Amino acid sequence: MEDTDLSGGVRVQLAQADALITLGHELTIITCGTPLTWRGSNASWLYVDSFTEVDSAPFDFLVGTFWTTVRPAYDLDPSKVVHLSQGYEGAFSFYQEQKALIDAVYSLPIPKLVVSRPLIPILQKFGDDITFVGQIVDESFYRSSAASDIEPLRVLLSGPFQIDLKGIDDGYGAVNHARWHGYELDLVRVSPWGPSGSEPADLASEFHVALSTTEMTRLMHSCDILLAPNHHQEGFGLPAAEAMASGVPVIMTRIPSYLAFDEQQDYALFANEGDAEGLGDCLMEMLDKEDLRRTLRKRGREVAEQFREEHVAGRLQEFFLSRRQSREPRKVQAR
């Protein structure tokens, strides 16, 4: 793990580690970062100045959790390396200058694990050894019922404005569209980073920065609607899954990762990517219709059951045990 900074990607890595530990496996997280403070972890930790310091001998597998850590793991022992991909970084606008380096990492002859099925065809140009394991929503988000709506409704917009694929500017546009039509709502912003200079943060009633998992759960449970305006490069979209587990109805874009949540697209309201007005129309419909919010709370909660830890843990365990078994020398039966 490159570092321990607060992010959805790191949260996923920690959750997957804990899931395997729950099944009795031993996990060591090796990082050049500082000690973790914003989430608990049951793993063993090894802090290093450089990944070249690592002795790979005690481990059955080395998992590179981001394109920057796959190559160092590969250099330690190519036979043990697995690439965990939460999204193809070569498609992100802010990585275009490094796309050749990213593609070289993805082209390494090693197996890949993906958290979303739409990533499989995207990554197949780099090789066919790809296994879907799924995504984990922390158990704390799940609740059997949501609190009653108290007006004005609280609309949550989650993610860094500075990363364009999160579509946060479209979320602000949707809120402006609804307010222009006379709708009242409280916009609640949360981000791992503070607002950028160009962000219209004054449109939000609250702005939360770098929340711990406990704090994020509490905030999610205090809201009535989630806006998820992500663009198609999004590998999964964890806040949307967390909202559904929390019984919070979601307005999301029609991107592959969101449409893959379930074959029946009846678990959210959908708008086109980059369509702030369309998102705003969905927001107005959601604000208008209490019955719709009630239906989406229930349906979203049902769909979110697939994101429980035990489902992903089982797939991870099956992958690693089968790969370890395939390495073991086969005994020759005497005739």
Side-chain angles (χ1 to χ4, degrees), residues 6-9 11 137 141 146 149-181 183-213 215-255 257-258 267-287 293 296-297 300:
L6 173 62
S7 71
R11 191 189 304 271
V137 168
F141 284 97
D149 296 332
I150 299 176
E151 295 188 355
L153 298 184
R154 290 166 58 80
V155 178
L156 182 62
L157 182 59
S158 176
F161 183 87
Q162 296 89 334
I163 298 181
D164 55 2
L165 67 88
K166 301 299 181 182
I168 301 301
D169 54 342
D170 299 325
Y172 277 116
V175 169
N176 269 336
H177 182 71
R179 285 175 172 167
W180 189 86
H181 282 86
Y183 286 79
E184 294 185 6
L185 61 98
D186 282 340
L187 176 62
V188 180
R189 275 285 286 125
V190 61
S191 172
W193 309 326
S196 72
S198 60
E199 179 171 356
D202 58 333
L203 296 178
S205 304
E206 304 170 20
F207 201 112
H208 302 270
V209 178
L211 297 186
S212 68
T213 299
E215 292 167 336
M216 185 63 197
T217 303
R218 189 179 301 120
L219 180 66
M220 183 71 76
H221 287 179
S222 77
C223 293
D224 303 293
I225 298 168
L226 176 79
L227 271 174
N230 307 61
H231 295 178
H232 68 277
Q233 296 92 340
E234 180 64 65
F236 183 78
L238 186 59
E242 292 171 341
M244 292 163 64
S246 300
V248 174
V250 182
I251 299 164
M252 56 180 65
T253 44
R254 294 185 183 93
I255 60 174
S257 55
Y258 285 154
Y267 46 87
L269 292 185
F270 292 90
N272 291 330
E273 172 188 338
D275 184 1
E277 186 173 323
L279 287 163
D281 289 340
C282 290
L283 179 57
M284 291 188 292
E285 182 180 3
M286 192 85 84
L287 292 167
R293 296 196 299 274
L296 291 179
R297 285 192 194 107

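The analysis underlying the following values was restricted to heavy atoms, covering all of them including side chains, and did not include hydrogens, waters or symmetry mates. Remember, it's a predicted structure, so these values are computed and weren't measured experimentally.
Side chain of E273 to backbone of H232: a donor-acceptor contact under 3.5 angstrom is found. R293 places a side-chain N or O within donor-acceptor distance of the main-chain N or O of L287, the cut-off being under 3.5 Å. Of the possible polar contacts, none joining the R297 side chain to the S246 backbone as a donor-acceptor pair under 3.5 Å is found. Without hydrogens or angle criteria, R154 side chain to D224 main chain gives no donor-acceptor distance under 3.5 Å.
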Exercise for review: Kindly indicate, with the supporting measurements, whether the criterion side-chain contact (heavy atoms from CB on, under 4.5 Å) is fulfilled by L203 and V175.
Suggested key: CA-CA 8 Å; L203 296 178; V175 169; 5.5 Å; no
Point to revise | Test side-chain contact (heavy atoms from CB on, under 4.5 Å) applied to F161 and K166, step by step | key: CA-CA 7 Å; F161 183 87; K166 301 299 181 182; over 6 Å; no
Check your understanding: Going through the checks in order, is the side-chain contact (heavy atoms from CB on, under 4.5 Å) test met by V248 and E242?
Key -> CA-CA 9 Å; V248 174; E242 292 171 341; over 6 Å; no
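With rounding to the nearest 0.5 Å, the separation of CD1 in I255 from CG in L165 is 8.5 Å. Between R11 atom CZ and M216 atom CE the span is 7.0 Å, to the nearest 0.5 Å. Between the CE atom of M286 and the CD1 atom of I251 there is a distance of 4.0 Å, given to the nearest 0.5 Å. Atom CZ of residue F141 and atom OG1 of residue T213 lie 6.5 Å apart, to the nearest 0.5 angstrom. One distance of note links CZ of R189 with CD of E206; it measures 12.5 Å at 0.5 Å rounding. Between atom CG of residue L296 and atom OH of residue Y267 there is a gap of 11.5 Å, rounded to the nearest 0.5 Å.
A donor-acceptor contact under 3.5 angstrom links the side chains of H177 and D281, judged on distance only. For Y258 and E234, the side-chain atoms include no donor-acceptor pair closer than 3.5 Å.
Of the residues listed (D186, V188, L283), the one engaging V155 in a side-chain contact (heavy atoms from CB on, under 4.5 Å) is L283, and it is the only one.
In terms of heavy-atom proximity, C223 sits nearest to L156 at SG-CB, 3.8 Å. Across D275 and G278, no two heavy atoms sit closer than the pair OD1-N, 2.8 Å. Considering every non-hydrogen atom in both A210 and L6, the closest pair reads CA-CD2, 3.0 Å. Closest heavy-atom contact between A228 and A240: CB-CB, 4.2 Å. Smallest separation of non-hydrogen atoms from N272 and T253: O-CG2, 3.9 Å. A174 and L279 make their closest contact through CB-CB, 3.6 Å (heavy atoms, listed as atom of the first residue, atom of the second, distance).
Among residues two or more places apart in sequence or in another chain, the side chain to side chain contact (heavy atoms under 4.5 Å, CB included) test is passed with E215 by L211, S212, R218.
The shortest distance between side-chain heavy atoms of D164 and Q233 does not fall below 4.5 Å. Under the 4.5 Å side-chain criterion, counting only non-hydrogen atoms from C-beta, P229 is in contact with L157.
Ion pair R179/E184 not flagged as a salt bridge, since none of the NZ, NE, NH1 or NH2 atoms sits closer than 4.0 Å to an Asp/Glu carboxylate oxygen.
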